[in-house]
Each structure stands twice: as structure tokens, then as C-alpha cells.
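Structure first, then comments.
Naming: A, B, ... by sequence-line order, numbering from 1 per chain.
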2 protein chains.
Amino acid sequence: MRPTPPAETFPAHTPAASQIFSTVLSQGPLTRLEAARRAGLSAAAVTKAVRPLLAAGYLVETADDEARPALGRPASLVRVDGGRAHFIGLKATGSELIGVLTDLCCRIRVARRVALTDRQDTTVLAAMGELVRQLRAEAADFGTPVLGLGVALSGDVDRTEGVVRYSPFLDWRDVPLAELAAKVMELPVTVDNDVRALTVAEQWFGAGAGLSDFAVVTVGAGIGCGLVVHGRVVAGAHGVAGEIGHVTVDPTGPPCHCGNRGCVEAIAGDAAILRRIRETTGVEVADTAEALALAHRGVAGAREAYARAGEAIGRGIATVANLFGPQRVIISGEGLAGYDLFAEQIRDTFTRAAFGSAAHCDVRTRPLPFEEWARGAAATAIQSFITPDDPPPSR
Amino acid sequence: MRPTPPAETFPAHTPAASQIFSTVLSQGPLTRLEAARRAGLSAAAVTKAVRPLLAAGYLVETADDEARPALGRPASLVRVDGGRAHFIGLKATGSELIGVLTDLCCRIRVARRVALTDRQDTTVLAAMGELVRQLRAEAADFGTPVLGLGVALSGDVDRTEGVVRYSPFLDWRDVPLAELAAKVMELPVTVDNDVRALTVAEQWFGAGAGLSDFAVVTVGAGIGCGLVVHGRVVAGAHGVAGEIGHVTVDPTGPPCHCGNRGCVEAIAGDAAILRRIRETTGVEVADTAEALALAHRGVAGAREAYARAGEAIGRGIATVANLFGPQRVIISGEGLAGYDLFAEQIRDTFTRAAFGSAAHCDVRTRPLPFEEWARGAAATAIQSFITPDDPPPSR
DNA sequence: CTCTTTTATTGACAGCGTAAATTAATGGCC
DNA sequence: GGCCATTAATTTACGCTGTCAATAAAAGAG
């Protein structure tokens, strides 16, 4: 294990305490009994686990003004005191650093962006350090300390070791980021793949709350996918999982940078859509905004490019649904800016290509800004604050 | 819960006891210390859990003749006494019932097949009853009783309720098979999807032993897939999962009975291969044996049909590997009879289409007869004998 | 004021882990 | 051969954590 600097720690590191706390955290104020039911524990265990957490101020009791049962002893609700502590989440892209300061409930208090001038690990680390310093100063104004930092970036990331094995956008290889950052910032640091981080945020606070099996599909420059199976985020035996972007949907389709043809990403990734528009319309669209404008003006070639993208995504989602049978698929990512252009195709293709009751899977969209990814990073930090040993077997 | 007739039960239904027992069961004779390590428990817990199991005769101690450590106290090996009890596994196809009598170690002692004349649930149930009666008589000859029955069939099966939601080959809907069979046979009965049952057998006794993430892909009349993620067989939120057969690999490909085009099954299923051979060669091949003979004689059209099938399967496996990063993929099923005809295409397509380190996944074949599927059914029965509550969190 | 209903708490007990003690086998040395 | 040090497996004793069942608490209904 990497060294984590000394800091305030969670009062009770027992499985039940972590379990209860994360249940209350993600499922809002709950009565003890309800929390017990949802966490799969006994009521007695909740009473015992809650006591030290109340004492430490992480949980607070609320009088249940409304929704009091008509009969019987009124329940007292327990909820997390968000103001009790802060966390910082960072999301790094190839050109930008997005940082958020969140409270213990992972609500964003401050968000800030910084352009990256250079991809060298030391430079990026310095920029991260500066951003964290600023956000910590803001936290000081709120009066409570920052207890952890989470960093999310795309690529092959070993979360348990805190090492970036390979990051294509930053061109890093085997950078022990958690260790380096922990030394500079004097904070416990978690590092994870960005899509997995977003998936954790959705699992706790978003459209995946309370579900044991769901998928998050992100649409944008790349096409990514986070999977939750049996209540746990899938990391894959080799650290690679959820590569929906490189699922082949059309073996005769356009070539992909991965060496194949017709990958979802080679049809529905931002670059692929731009290329397609240039090919069919001859218009030299420079970026996604122009492409969107063109399509919204009704230019046939542009609309067709988005329609194709929608079909590819729908097929990719159907593949995921056929293989895992998730309860829900959440579509997110910057690419949703053009969602009206391919929503219909996604839905139609999915419905057609999903087999049997896999089609009952609930597909919904969540337009989330990059700040939400950074929030996911903060969520991983909160997660490892609560349970230092990785996998929370939530249900 | 459905009623299970009274029968001999497992001595200690504690988590640790089940854990240890299944570890010893699947990983052969082990020293207590080694068993503890593999099950993730303490040595003390093993000693305590083993005692009542030894007393009840389910486990026996063996002198460790060889492999004795050079120095120090020699270990005593613990193993399951296969002869202590028997189980019966049944696999139902549309035309046949395959039954096996296994010992407690899930080794097949007797195998028997019966043709099905009718698909009516009562008729099939009667045939099952007769087959079970015969196998029980054989078990009586061995001197120990049959403690459970497992039934495996293709389709949408709810294992926890023991209900067959939909079986295409038998044309059943919502048949409470476990309850019906338990009444007739006076045995605890488990019912599960056939591919999942085979996956359990592989997880415990086959090429998946000791792995936390792997996939079983079955090739034959249909193309199926069993997934093990985080050490547990994936059942899917709606009871459907592993539908690799209906993953699209070529949207312009031949139509599939599911309503789409270019599903893996529509290219690599037995019927699809036959149809393709008829189309390209004009030869009216009647069954798989003839198709194989034709291909082995070097007829180009037949060889091409198998090559196409191999590509489709390879692409399907690559999709599974890209999405959840298994340590291993096990290819099995009757279709392996023609494996030499498409092995190369499977391997090539997989290697090409697998993204990044997903390609490190170990793909291997296991030619297993239908009896092995029935054995899988017996394995599910043994599983629920050991842990009445479903999911064993093995590692 | 008592009964009913629902939630929260308490105390006895069981399962499992840790750590120290015990047991078993072996080689070296006299 | 007898004795002792060495090594490792196993067991015993004890503490922590969670469950179960009984009990207290807080209302409203009659």
C-alpha cells in the first residue's frame, strides 16, 4: 500500500459502519430501520453503528416533521451532515483540469477550470497542486477541512495502486500519481479511471442509486462505459473493462484508431462524426459546435452523420444489455449536446437489437457537465475515506 | 420460498463452513492452511468449520504421502468424501433428457439418456420422474442416498423461485418446475438456465476453478454465454444475461429468428451454417454431421461457412472481453466437433478485435458432451445443498 | 388509562479473526 | 539412538462485531 498522510479518519472502520454510512449518504435521510433494510443488516447493527457516527458529527438526527406514520412511534431520520467535511475531485482531460470542492454529501460547493499548457507529468502535477491549494482555501472559508482528493482521468488506471498505467490524452505511462500527489498535497489521494469515477457518482448520487446492475455510457470525444454488476463497479481482470467504444457494430465501417473497422467510436465519436460530415457534405466543419449548427440547420449530410452515430450507440447499448441484463442504462457525456439529433435512432436501434427481456432495460439520458466527472472523482475519495479497503458490496 | 421436502441437510450452515467446503470441493485436497488462504478466511476458522464436516463424513482427512515439506510438521490434507452422498443432474433439450448421477464431488457415476416424445410439461415431468427413479436405484447400489436434484434447461429461468419463465425448445411459460418436481420426486430441486449451470460446473470443477472473472461460450444449435463477475455467476436484472448469440456482428448479415440481422447465432449457429452451405454449394446437407463431412472433404463452400462462423464467434468473444475484461474465456458446446474448421478464425478475429489488454485474456476450448451440462445441473443442486441462500462469494 | 402499533434499544449469544500455545516431524549433533 | 533446535500445521483462548429476541419508547385510538 502507498503511504497516506495522516489526517482525520472515519470513526468506525467496521464493514457495517461503512455500509450504513454509504447507504444513508446515497439514499438520503432514512430511518434506522429503513437503512437496515436497504443495507441488508439488522436494526440493532444500525443503532450500534450510528452512535459513534453521530458522536463524531458525520451523521445528524432530524425530526421527521412530515411523513410521520399514522400509528406507532414516530421514526427519527438520520442523514449525513454535508458540512462536516469537504473533498476535492479533479478530472483531467488532455487540455484542461476541472476541479470541484464538494461537501461530505458530494454536493458541489465550488467548481473551477484551468487550462493545461503542457502534458508533462510534473507540470500537470504542479497545476493540480495549485488548483487544490485554491479549492482548499475556499474550503477553509466554509470552516471545515478537506479530507481527501480524488483524481479521474481516462485510460488504463490501477485504482488500488493509484498508478496511471497508460493515459492516451496525457501520454503518460506508469505514473504513480496517487503517491506523488499525496506527497505534494498532504492529503489522502485516490486515482481512478474517469468513466469508473462517473459511474461511482451515478451509483451513489445519480440515476444508479439503489440499483445493483446498471451501465453508464458516455458519449463524446470517445465512447466509454462503466458497468456495475452485483452492486460493484467492474474493473476487469486486466484493469480494462467497459470498452464499448471498441465494440464492432459494422465490420465494413470506417477504420478506427484501434486498428479495426466499424467500432462504435469510429462512427459515433466526435471526430468520426466530423469526418463523416466532411465526406458527405464537403463542408470543412472545424469542431463539434459547427457540426451541430449544420445539422440543426437541416443539412442532410450532417443529420445523417448524427443518425448513423445514434444507430451505432443504440447497437452498442443493446450489446451491453444482451450480455449483462442491467436494470438501467444511463447515457451521458458531452456528446449529449446533440442528443436531439440521434435520440430516436438510439432508442429504435436499441429496442430492435435488444433480445427478449433485455429490452425492458430502462434507457435514460443524463446531460452532465465535466464538473460531474470531477464530482465522480470526489466520490471515489469519499468512498475510500469511508472504506479504506476498496470494494463496497452495496446492494 | 418454495417448500423443500425434508431430507438430510448440511451440518453447519454458517458462511465459513459453506465457503471452506466449496473451496475444498473445487480445489481438490488442501491443507487447512491452504484452504484458509484460498477462501480468504483464518486458519482457526477452517479448523472449526472442518470439525463438524469431518464428523458428519462429508470431509475426510488424508495422509499427505508426497509433497511433504522438507522441514517442519507435515500437513494433513482435507478432501471431500465423494461417496458420502449422491446428486442427480438433468439437462433437458427439446428432444432429449440427459441425466447423470454424480457423487458429492460431482463426478459422474452413471449417465443415461431418454428421448422425449412430447413437450407437454406433465409428460416431461413424468419422464424426468422415471429417469430420476432409475438413477436413484443405481445410487442405492452404491449405498448412499441422493440428496438433491438439479434441472437445467435453456431459456429464461428464475433460479431463486425455481420457475421456468419461458423455454423456447419446450414451449413452456411460467412452469413452477422446482415445486412440481420436488413434490413428485421427494427431493430438494434446483432449476436453472443450462448455460449458467454449465458455468457453475466450470467455476467449481473446470477451467474456471479459482478465477473471479471468466466467461463460458457455448457453440452449437444456439450460441450461449455464461459470465462470472466478481466470483459470481451473472443472472441479469431481468433473468436474461449472456445473450452473446444475439449480439450483432454484421448488420447486413443473414436474418435471425430474433428479428435482427447478423446476430452471432444467425451466422455461427448449427442451422445457420447448414443454410449457408446449402446456399453456396447447392448441396442439400441434412444435418451437422453431413456438413462437417463436406467441409472435411475440402468443399470450398462448406469450409467458408465454417470460417464465417469462426469469425462471428471470435468477434462475439472479443465483445465480451472488451466489455468486462475476463481472465479467461472457455469455449464449449457440441459445435466444437467442427472446431478444427474455425479455430484459426476465432483466434485471429478475437486477437484483432480485442482492445488493449483485453487481448491478454486466455481463450481456450473445452470439448464437453451434453452429460457435462447435466453435471452442471447436479452442481447447482450441490451448491444449494451447501448454501441454501444462493450466491457463494467465492474468489 | 390502556391497548395497539411502530420504531429504537438493550443484552445474551454466536461466528470469525488474532495471537499465543501446542503438536508433529525432521535434521544436526553428541 | 537420544536430545534439541527448527519449522510449520493446528488448536485454544479471547475479543470484536453482528444477529436474535425481548424490552422500552412514543404516539394515537378507544
Side-chain angles (χ1 to χ4, degrees), chain A residues 10-24 29-55 59-79 386-389 392-393 395, chain B residues 10-24 29-55 59-79 386-389 392-393 395:
Chain A
F10 201 61
H13 268 145
T14 106
S18 306
Q19 185 85 334
I20 295 293
F21 189 81
S22 47
T23 304
V24 173
L30 292 174
T31 70
R32 287 171 172 76
L33 210 64
E34 186 57 25
R37 207 181 56 73
R38 301 206 191 177
L41 292 172
S42 69
V46 177
T47 296
K48 278 191 254 192
V50 160
R51 213 192 319 269
L53 295 174
L54 281 172
L59 293 179
V60 287
E61 243 171 332
T62 324
D64 59 329
D65 304 324
E66 71 233 34
R68 169 180 301 183
L71 227 54
R73 172 176 175 172
S76 81
L77 296 175
V78 174
R79 66 176 176 79
I386 300 171
T387 53
D389 311 310
R395 349 192 135 184
Chain B
F10 201 60
H13 269 145
T14 110
S18 305
Q19 185 85 334
I20 295 294
F21 189 81
S22 48
T23 304
V24 173
L30 293 174
T31 69
R32 288 172 172 77
L33 208 63
E34 185 58 22
R37 205 180 58 73
R38 302 207 190 175
L41 294 171
S42 71
V46 177
T47 297
K48 274 190 268 192
V50 161
R51 213 191 323 267
L53 296 175
L54 280 172
L59 292 178
V60 287
E61 245 172 329
T62 326
D64 59 328
D65 304 326
E66 72 234 33
R68 169 181 299 183
L71 225 55
R73 173 177 174 170
S76 83
L77 296 175
V78 174
R79 67 177 175 78
I386 300 172
T387 53
D389 311 311
R395 343 191 143 185

Out of C/dC16, C/dT7, D/dT10, whichever nucleotide has its closest atom nearest the side chain of A/R73 = C/dT7
task = Tell me whether the OP1 or OP2 atom of C/dT10 has a side-chain N or O from A/T47 closer than 4.0 Å.
result = no
task = Find which nucleotide of DNA chain D each of B/E34 and A/A44 is nearest to by heavy atoms, and output the residue with the more 5' nucleotide.
result = B/E34
query = With a 3.5 Å cut-off and just heavy-atom distances, do the side chain of B/K48 and the base of D/dT10 make a donor-acceptor pair?
reply = no
query = Hey, is the side chain of B/R32 poking within less than 4.0 Å of OP1 or OP2 on D/dT11, counting only N and O atoms?
reply = yes
ask   = Which nucleotide in the set C/dG17, D/dG18, C/dT7 lies at the smallest distance from any side-chain heavy atom of B/S42?
value = C/dG17
ask   = For C/dT7, does OP1 or OP2 lie under 4.0 Å from any side-chain N or O of A/S76?
value = no
ask   = Is there a side-chain polar atom (N or O) of A/R51 under 4.0 Å from OP1 or OP2 of C/dT10?
value = yes
inquiry  = Can you measure B/L33 atom CG to C/dA24 atom C1' for me and round it to whole angstrom units?
reply    = 15 Å
ask   = B/A16 near the nucleic acid: base, sugar-phosphate alone, or nothing, with a heavy-atom cut-off under 4.0 Å?
value = sugar-phosphate
ask   = Any idea which of C/dA8, D/dT10, C/dG17 is nearest the B/L41 side chain?
value = C/dG17
task = Please determine, for the side chain of B/A43, which listed nucleotide (D/dT11, D/dA26, D/dT17) has the closest atom?
result = D/dT11
inquiry  = Please tell me if B/T14 has a side-chain N or O lying less than 4.0 Å from either OP1 or OP2 of C/dA14.
reply    = no
